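As a basis for the values below, the full set of heavy atoms in this structure was taken, side chains included, without hydrogen atoms, waters or symmetry mates. Convention: sequence-line order gives letters A, B, ...; per-chain numbering from 1. As the structure is a computational prediction, the values presented were derived from the model and not from experiment.
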Amino acid sequence: MISVGNDIVDLHAIDQSRTSDPRFYPKILSATEQQLYQRFAARLPMWLWVWLLWSAKEAVYKYLKRHEPTLVFSPAKIVITEITGEFTPTTSFGEMVSQIGASQLSITILSTFQNRQFTTRSCISNNCIATFLTDDFDRLHWGIEQIAHDDYKSQSAAVRAFATKNLSTYFTSRPITIKKSTIGYPEVYFGDSPLPIPLSFAHHGNYVSYAFLLERY
Amino acid sequence: MTRQEILDELKKVLNPYTTDKEALAGITEDTDLIKDLKINSANLVDIIIDAESKYDIEIDYDSADRMTNVGSCIDVISEKMGQA
């Protein structure tokens, strides 16, 4: 199965104290994940940990949803089993970053769901957490952009324009468009023909992110 | 509480999490929280916590998974209120 999934969390749009509320985080984290936190407590505040795991779970869900339209997002059932990498949220990408590959995604998160294992890659900047999942990270194209307005229409228009701009650099001879599938994920089209390019969008607050998988050219 | 009464109260729970006030004003049991009200998935846990507080109920994982549209939210809330 070839797919791609991503998620973005705007750290300025998060209610930190509410996230740490014992009524809140157990809705996202399983009991084993709450125990796992003890190993990371010295390096990451609880609220940031919760949203890092949330973004990994959401990326797994979006990766699977493309091929399993009836799948329901159930964050506590996607279980994080291991996390490695550099957590210190010092990286700052500025207002926009577009990359190929996972070298800048310094955090690796292993998870299981329905007896399947997944490896997601994340980064934490001063402003956001971004997570990606695909079948071949060397062929992953991803981007993060800070936008001026945080309403849905602005987010939706911005991420579409951002992805179209980056995809278009590979399709100079033919204009591509992005349409929404009936399930809700974006699809790349050339005229009326869908192209076999898995594409995923994420937005939260003042941040949007795209991810797509291209063959090597 | 009737389903209509729960729906009227649910509008107040959903209000802080959607900027589409027109869609919120016109919600029906078929309204999808993410697709129709454009609620960010990162706020779904907020809605569950707010509903728990408002109705003095506890919503478990399996019930929370079902709360994808207004009708299923009303189902869960009325079931949990019945158990209280």
Side-chain angles (χ1 to χ4, degrees), chain A residues 5 7-15 18-19 21-31 47 50-51 53-55 57-59 61-62 65 70-79 128-129 131 149-156 180-185 201-208, chain B residues 10-27 29-77 79-80 84:
Chain A
D7 187 53
I8 190 134
V9 178
D10 179 349
L11 299 180
H12 303 295
I14 292 303
D15 183 335
R18 181 170 231 199
T19 303
D21 187 319
R23 290 187 313 147
F24 187 95
Y25 62 80
K27 304 284 188 200
I28 296 174
L29 304 186
S30 65
W47 69 273
V50 172
W51 287 105
L53 268 61
W54 166 274
S55 73
K57 291 163 185 252
E58 179 98 47
Y61 164 71
K62 286 162 91 171
K65 179 84 174 173
T70 58
L71 187 68
V72 171
F73 185 37
S74 181
K77 290 174 187 164
I78 299 169
V79 178
C128 63
I129 298 169
T131 300
H149 301 289
D150 65 358
D151 61 288
Y152 175 82
K153 279 185 182 166
S154 301
Q155 292 168 334
S156 182
K180 207 176 217 182
S181 76
T182 49
I183 306 170
Y185 60 80
F201 287 164
H203 51 73
H204 182 227
N206 289 96
Y207 283 84
V208 299
Chain B
L10 189 61
K11 271 189 192 177
K12 296 175 194 166
V13 171
L14 299 175
N15 186 48
Y17 306 110
T18 178
T19 52
D20 194 340
K21 304 303 178 193
E22 206 174 308
L24 184 65
I27 61 171
E29 295 217 7
D30 293 327
T31 303
D32 188 284
L33 303 190
I34 291 176
K35 282 185 195 158
D36 299 322
L37 295 180
K38 311 300 185 194
I39 290 172
N40 194 289
S41 62
N43 288 125
L44 293 180
V45 176
D46 290 307
I47 290 166
I48 289 161
I49 302 276
D50 290 351
E52 286 184 331
S53 299
K54 190 168 191 74
Y55 300 103
D56 194 23
I57 54 177
E58 268 190 47
I59 300 172
D60 55 276
Y61 292 147
D62 289 330
S63 301
D65 291 350
R66 289 163 52 205
M67 294 171 67
T68 54
N69 68 19
V70 169
S72 59
C73 286
I74 295 172
D75 289 342
V76 169
I77 291 165
E79 277 170 31
K80 300 295 174 189

Other residues, nucleotides, ligands: >12 heavy atoms within 6.0 Å of A:Lys153 NZ
no

Region of A:Ile14 in contact with chain B, defined by heavy-atom distances below 4.5 Å:
neither

Looking only at heavy atoms, which two atoms of A:Ser30 and B:Tyr61 are closest? And how far apart?
CA-OH, 4.2 Å

Which atoms of B:Ile49 approach chain A - backbone, side chain, both or neither, heavy atom under 4.5 Å:
both

Which bit of A:Thr19 comes within less than 4.5 Å of chain B, counting heavy atoms only: side chain, backbone, both or neither?
neither

Hey, could you give me the OG1/CG distance between B:Thr19 and A:Asp150, rounded to the nearest 0.5 Å?
8.0 Å

Are B:Glu58 and A:Arg23 within salt-bridge range, i.e. N to O under 4.0 Å?
no

Would A:Lys77 and B:Asp65 pass as an ion pair if we require N to O under 4.0 Å?
yes

Identify the residues of residues 29-45 of chain B whose heavy atoms come closer than 4.5 Å to a heavy atom of chain A, ordered by number, or report 'none'.
B:Lys35, B:Lys38, B:Asn40, B:Ser41, B:Ala42, B:Val45

Quick check: are there more than 12 heavy atoms from other residues, nucleotides or ligands sitting under 6.0 Å from NE2 of A:His12?
yes

Could you go through B:Asp46 and A:Phe24, starting from their C-alpha distance and side-chain angles, then the distance that decides it, and tell me whether this counts as side chain to side chain contact (heavy atoms under 4.5 Å, CB included)?
CA-CA 8 Å; B:Asp46 290 307; A:Phe24 187 95; 3.4 Å; yes

Carboxylate-amine/guanidinium proximity below 4.0 Å for A:Arg18 and B:Asp50:
yes

